[in-house]
Amino acid sequence: MRWLLYLYPVVWRRRYEDEMLDIFEDTSITAGTVADLVFGAVDAHLHYAARSKEAIRMARRRFVLASLGALALVAVIKFLPPYSSGVSSVSSSASFILLGKAEGGRALSIHHLSCAGQVPSTLTVKRGTLLAITCPMGVRVSSTTHALINVGRSSHGQTLYVLAYKTGHGTIQLDRFTVTVTVRH
Amino acid sequence: MEAPNHGRFASASFLVLASLADSPKHGYAMMQDIRSFSGTQLEPGTLYGCIARLERLGWIEVLPMEGRRRPYQVTTAGAAEFRRHVVTLNHVIRVSRARLATLEAP
């Protein structure tokens, strides 16, 4: 009858299996006994395994490990050195990962846009191009397929950096000017 | 504090406490004792579901092994709970008897 006890949670079996097997030696096993064990196993999973001190200890350990892993990941992202390949300092270190991923480590090309100068109505750039957009009146970027992603601002806050991340289309609004951007391979 | 919900183990838990109130016993002895005083045959799955619950509540505790058997005894908290349950049952029985008398009155 040991096989029936395999239905029970491990933490429960560690505690009670020997005692139950002992009882099986002295009692007759009927269909009712088997059904009772099945219901007992369901109950043990619902009410014992979830609340036993050992299960709680294991869950706490997993939670702590997962939290430490998440903290380690945040620390790695946060304290990575900023990417320096002709790009003026970008505030977010996470952009380092995005930039590297988009370009495979090759030097990026930068395209400057400013509402002070001539603003094109359409712009086509290669995937991996970093758009450096300067407009004191505000910049709004939108794209539906992550063609353009907001990477961060310069340390002085005047310039917004937008990465042409995926092939597709996006829109950049500089004050009253609208630029339709096409990102190609 | 809300009373613990024993679900399908409510009456069986009471029987286990009643059995242990007499003296410490291991699982098989509990099954035999309960059958003798109540006529109820507890299956091992139900019995150990009760034991697990009562142990977690702190109403019974395990004693050192005796040979291959592991006895349990009721704790102070378990005895208090058992007493409270018996008081409630006595009240229910008194009310039930009075109502039964009313029901059977000519």
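Lettering follows sequence order; numbering is per chain, from 1.
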>> Strictly less than 4.5 Å between heavy atoms, which residues of residues 24-44 of chain B line up against chain A? Please order them by number.
In response: B/Gly27, B/Tyr28, B/Met31, B/Glu43, B/Pro44
>> Testing the basics here: between A/Trp12 and B/Ala52, what is the closest heavy-atom pair and its distance to 0.1 Å?
In response: NE1-CB, 4.0 Å
>> The test is side-chain contact (heavy atoms from CB on, under 4.5 Å); show your working for A/Ile23 and B/Arg69 and say whether it passes.
In response: CA-CA 9 Å; A/Ile23 287 182; B/Arg69 300 264 157 111; over 6 Å; no
>> Are B/Val87 and B/Val74 connected into the same hydrophobic cluster when the rule is that any two of I, L, V, M, F, W, Y join if their side-chain heavy atoms are below 4.5 Å apart?
In response: no
> If two hydrophobic side chains count as joined below 4.5 Å and joins carry through other members, does A/Met137 share a cluster with A/Val119?
Replying inline: no
> Is there a path of hydrophobic side-chain contacts, each under 4.5 Å between heavy atoms of I, L, V, M, F, W or Y residues, that connects B/Leu17 with B/Leu63?
Replying inline: no
>> Just verifying a value: how many Å separate B/Glu55 CD and A/Arg15 CZ, rounded to the nearest 0.5 Å?
In response: 4.0 Å
> Would a hydrophobic clustering, with Ile, Leu, Val, Met, Phe, Trp and Tyr connected at side-chain separations under 4.5 Å, put B/Ile93 with B/Phe82?
Replying inline: no
>> Side-chain heavy atoms nearer than 4.5 Å, only ILVMFWY residues, links allowed to pass through others: does that put A/Leu21 and B/Met65 together?
In response: no
> Regarding B/Tyr72 and A/Glu19, is there a side-chain donor-to-acceptor distance under 3.5 Å anywhere?
Replying inline: yes
